[in-house]
Amino acid sequence: MDRGNKAIEAERMAEDTTFTGPARWAIAAGTLFAIAVAVDQLFNLRIGGYAMLEGMYLRLLAGIFLALTFLCFRFRGGISARIPWYDWLLALATLSVAGFFVLTADESLESGWEYAPPDVAVWCSIAFYALVLEGMRRAGGNVLFVIVLVFSLYPTIADRVPDPLNGFAQPFGDVVPFFMISSEACFGIPMQAFGNLVIGFILFGAVLQHTGGGRFFNDLAMALVGHHRGGAAKVAIFASGFMGSMSGSVISNVLTTGVVTIPAMKKSGFSARYAAATEACASTGGVLMPPIMGATAFVMASWLGIPYVDVMVAAVIPSALYYFGLFVQIDAYAARRGLKGIAKDQLPGLLATHREGWPYLFVFALLLFLMVAFRWETTAPFYAVVLLLILNQASTRTGFTFSSFLEMVVSVGRTLAELVAILLGIGMIVGAFQATGLTGPLATELVHAAGNSVPMLLIMGAVTSFIFGMGMTVTACYIFLAIVLAPALEQSGLNPLAVHLFILYWGMISFITPPVALGAFAAASLAGANAIAAGWEATRLGAVIYVVPFFFVVNPALIGQGAASEVAVSVVCAAVGVWFLAAAIQGYLAFVGPLGTGVLAMLMRLLLALAGLVVAAPFDGPFGLSQIELSLVGMLLAIPPALFSWRQQHPASDRVAET
């Protein structure tokens with residue numbers, strides 16, 4: 001009876017979030033029109049013989065998607081298809097105010113409205129400011145709303161704030177038009193990245209999922225590793241990694257793939273807590289994994305003024321190390337508990353999976369070829385989408401009906417609306433620092449506070465990133481820290497790309513680390529596990545993610561920056577170090593045996609963890625040792641734990657019998 005009630009409740013909730021009638025048509029029409037505008041702008045088609053200025057283009061996208069935010073997200077939070085009358089009015093008001101800025105974009109640019117706006121522009125700016133804050137609150141939550149509200153009002157009291165936050169104060173009537181009209185606030189780098197890069201890749205990821213790409217990658221993972229020990233959890237690593245790379249969202253990734261992977265893990269012998277932690281860690285890493293990654297990676301590329309391909313290539317090694325650490329821990333957990341893989345007769349065949357899913361691999365190959373060979377970063381995802389739709393419609397199994405196509409468009413519109421509302425809001429944080437001229441002095445103060453010590457500055461940066469990651473979305477956290485923290489780290493001589501990846505990684509860590517651990521908590525709800533217990537298990541399972549950022553920010557060879565020989569040595573040392581560290585955490589050294597229990601066993605695990613850190617240390621060591629020499633010292637430290645593990649695997653009685 002309880003299961004029946006739950007099923008009825010789940011069905012009712014699904015119906016409540018499925019848009020029908022006028023709402024469905026409005027969201028679909030707005031989304032398709034915005035995509036058409038983006039295609040016209042990015043391909044320079046000049047339909048109608050007119051080319052839009054970038055400011056006009058971005059404000060048009062902002063108006064459409066912010067209006068859709070009020071249709072998709074309710075006043076009290078969450079998504080609901082039951083749209084009250086006042087949300088329709090807010091959507092119309094958004095279109096009207098944004099339309100004013102679109103129509104006056106030329107005049108605004110020529111007359112310098114960002115500094116000297118007419119009265120009508122001031123009042124429209126205030127109206128747009130209020131709409132952006134409310135849209136962002138609905139899409140991003142109350143914590144982000146409070147943070148942005150405080151920072152948006154900061155320029156009005158900057159002269160009364162103590163150092164190091166003291167700056168130039170301006171009246172509210174000057175600050176808000178600067179936010180809404182200038183290219184350094186709401187329509188600065190975050191929205192520029194959205195309009196030029198993010199929209200195409202989010203569209204590609206959504207189409208890939210709705211055409212069966214998610215199912216294909218899950219089947220591929222099952223065929224590759226499902227039969228190995230702990231196979232269900234290893235499938236979760238690959239499947240969630242692929243899906244996270246497409247979706248760019250930790251929570252949606254957990255809820256999408258976790259429905260399949262978590263029950264499979266529990267069925268094969270994993271505890272509910274461990275299954276939830278595995279899914280949370282795998283989904284978190286997916287956002288850091290090329291080729292698509294999350295929206296933040298595109299913002300990073302725009303921020304640094306480099307091609308997205310450079311960010312993608314730099315992220316390959318750190319994400320591979322993270323997933324390698326997960327894989328080693330899961331394998332050790334399964335070996336220690338004698339867990340088996342999934343029976344082969346229950347798994348899809350590798351050849352059959354490839355035969356059915358080759359279009360997805362072909363489309364991915366096309367996407368990467370266009371991005372790497374031709375540098376068509378802004379247009380490549382649109383070509384990939386067209387090819388994917390053609391191949392999909394040629395398939396009788398996955399082809400779209402008109403209804404399913406509309407459902408996909410509505411889903412894309414909802415995702416883009418949520419992202420635009422958040423980006424517009426956090427753009428005001430950027431604008432607040434630009435308006436007060438605080439960015440440079442604040443970076444200098446941070447360096448001074450750290451005593452010009454790079455390790456101390458990195459620790460401060462990690463803690464700050466973690467704290468802000470608890471209350472902000474990943475993109476919001478990254479942009480804020482790119483303004484405040486990144487310049488200070490770069491002034492200390494660190495590689496700029498490594499610094500920005502460092503911030504991104506530590507901003508993500510809050511998804512698997514209590515007290516927030518949203519990814520772990522979402523997975524725990526699916527697994528029926530205690531949320532806090534799942535969060536701490538995820539912290540242990542994802543331990544590598546806490547270490548790897550310090551490695552690559554100190555040694556850029558771990559993001560592919562440097563000579564090939566240097567990169568190769570650093571990667572090998574890091575991989576061995578991650579292997580030792582993961583083995584120490586789980587108490588099982590692969591290819592050798594368990595480390596046992598007791599005081600001596602704990603000492604051996606600590607020694608093995610130390611050996612892992614020494615081997616992976618990406619710098620020259622004490623006493624004039626080089627990185628290779630230091631790694632050799634670490635290998636020597638690993639010998640006692642390895643011997644101890646071998647003796648645990650082969651007790652004295654067994655050795656005597658063998659003799």
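Judged purely by atom type and a 3.5 angstrom limit, S302 has no side-chain atom pairing as donor or acceptor with the backbone of I189. Under the 3.5 Å distance criterion, the side-chain polar atoms of S111 are left unmatched by any main-chain donor or acceptor of S108. Counting only distance, with no hydrogens or angles, the side chain of E377 and the backbone of V309 share a donor-acceptor pair below 3.5 Å. A donor-acceptor contact shorter than 3.5 Å links the side chain of Y323 to the backbone of A282. When atom types are taken as modelled, the side chain of N196 and the backbone of Q192 share a donor-acceptor pair closer than 3.5 angstrom. In this structure, the side chain of T401 engages the main chain of S404 through a donor-acceptor pair within 3.5 Å. Judged by distance alone, with hydrogens and angles left aside, the side-chain atoms of T94 form a donor-acceptor pair with the main-chain N or O of L90 at under 3.5 Å.
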Assess whether ring pair (Phe, Tyr, Trp, His ring centres under 6.0 Å) is satisfied between W376 and Y383, documenting all intermediate values. CA-CA 10 Å; W376 292 356; Y383 285 112; 5.7 Å; yes
Inset, instruction - Check the pair Y86, F70 against ring pair (Phe, Tyr, Trp, His ring centres under 6.0 Å), reporting the backbone distance first and the verdict last. - result: CA-CA 9 Å; Y86 53 82; F70 293 110; 9.9 Å; no
What verdict does the ring pair (Phe, Tyr, Trp, His ring centres under 6.0 Å) test give for F369 and F374, after you've listed the backbone C-alpha separation in whole Å, the side-chain angles of each residue and the deciding distance to 0.1 Å?
CA-CA 7 Å; F369 177 75; F374 294 100; 5.4 Å; yes
Problem set entry | Stepwise side chain to side chain contact (heavy atoms under 4.5 Å, CB included) test for V430 and E184 | CA-CA 7 Å; V430 180; E184 298 180 7; 5.8 Å; no
| request: Give the intermediate values and the outcome of side chain to side chain contact (heavy atoms under 4.5 Å, CB included) for residues V132 and V148. | output: CA-CA 10 Å; V132 166; V148 171; over 6 Å; no
Check the pair E134 / R138 against salt bridge (Lys or Arg N to Asp or Glu O under 4.0 Å), numbers first and verdict last.
CA-CA 6 Å; E134 173 58 15; R138 296 183 181 205; 2.7 Å; yes
Q | Intermediate values then yes/no, side chain to side chain contact (heavy atoms under 4.5 Å, CB included), L53 and L109 | A | CA-CA 10 Å; L53 297 171; L109 183 63; 4.2 Å; yes
Legend entry - Stepwise side chain to side chain contact (heavy atoms under 4.5 Å, CB included) check, Y360 with T211: CA-CA 9 Å; Y360 305 110; T211 54; 3.8 Å; yes
Check the pair Y322 / Y505 against ring pair (Phe, Tyr, Trp, His ring centres under 6.0 Å), numbers first and verdict last.
CA-CA 11 Å; Y322 173 66; Y505 265 68; 7.5 Å; no
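Residues satisfying the side chain to side chain contact (heavy atoms under 4.5 Å, CB included) criterion with E114, sequence neighbours excluded, are F178, I181, S182. L416 pairs by the side chain to side chain contact (heavy atoms under 4.5 Å, CB included) definition with F65, F194, I199, I202, V412, not counting sequence neighbours. Listed by chain and number, the residues in a salt bridge (Lys or Arg N to Asp or Glu O under 4.0 Å) with R24 amount to none (sequence neighbours excluded).
Counting heavy atoms from C-beta outward, M136 and L424 have side chains that stay 4.5 Å or more apart. The shortest distance between side-chain heavy atoms of P318 and I559 falls below 4.5 Å. A 4.5 Å side-chain heavy-atom check between L367 and F201 finds at least one atom pair inside the cut-off. Looking only at side-chain heavy atoms (C-beta outward), L387 and L366 come within less than 4.5 Å of each other. The side-chain heavy atoms of M312 and M371, taken from C-beta on, include a pair separated by under 4.5 Å. The shortest distance between side-chain heavy atoms of L68 and R414 does not fall below 4.5 Å. Using a 4.5 Å heavy-atom cutoff, the side chains of L501 and M300 are in contact. Residues Y115 and D174 have side chains not in contact (no heavy-atom distance under 4.5 Å, counting atoms from C-beta outward).
The CG atom of L208 sits 9.5 Å away from the CZ atom of F216 when rounded to the nearest 0.5 Å. Note that CG of L388 is 12.0 Å distant from NE2 of H210, once rounded to the nearest 0.5 Å. Note that OG1 of T31 and CE of M408 are 10.0 Å apart. Values are rounded to the nearest 0.5 Å. Residue L131 holds its CG atom at 6.5 Å from CG of L66, rounded to the nearest 0.5 Å. Taking CE of M52 as the reference point, atom CZ of R59 lies at 12.5 Å (rounded to 0.5 Å). For the atom pair CG of L481 and CG of L504, the computed distance is 10.5 Å after rounding to the nearest 0.5 Å.
The residues D87 and R74 are annotated as salt-bridged, a charged nitrogen and a carboxylate oxygen being separated by less than 4.0 angstrom.
Considering all non-hydrogen atoms of both residues, A23 and F19 come closest at CB-CD2, 4.0 Å. Closest approach of P177 and S125 over heavy atoms only: CA-OG, 3.6 Å. The nearest pair of heavy atoms linking A91 to L71 is CB-CD2, 4.0 Å. Nearest heavy atoms, L391 versus P359: CD1-CB, 3.7 Å. Taking each heavy atom of T69 and G135 in turn, the nearest pair found is CG2-O, 3.6 Å. Residues M428 and C186 approach most closely at CG-SG, 3.4 Å, considering heavy atoms.
With ring centers used as reference points, Y129 lies under 6.0 Å from F172. Outside the 6.0 Å centre-distance limit, the rings of F187 and Y57 are not counted as a close aromatic pair. Checked against a 6.0 Å centroid threshold, the rings of Y478 and H500 count as neighbours. Note: F204 and F382 fail the aromatic proximity criterion, with ring centroids not under 6.0 Å apart.
Side-chain N/O atoms of T261 and E279 include a donor and acceptor closer than 3.5 Å.
Ring pair Y308/F298 is parallel by interplanar angle, where below 30° counts as parallel and above 60° as perpendicular.
Counting non-hydrogen atoms of neighbouring residues, nucleotides and ligands closer than 6.0 angstrom, the CH2 atom of W123 reaches no more than 12 such neighbours. Atom CZ of F362 has 12 or fewer heavy atoms from other residues, nucleotides or ligands within 6.0 Å. For F145, the CZ atom counts as densely surrounded, since its 6.0 Å shell holds more than 12 non-hydrogen atoms of other residues, nucleotides or ligands.
Geometric assessment of R137 against the ring of F75 yields a positive cation-pi assignment under the 6.0 Å and 45° thresholds.
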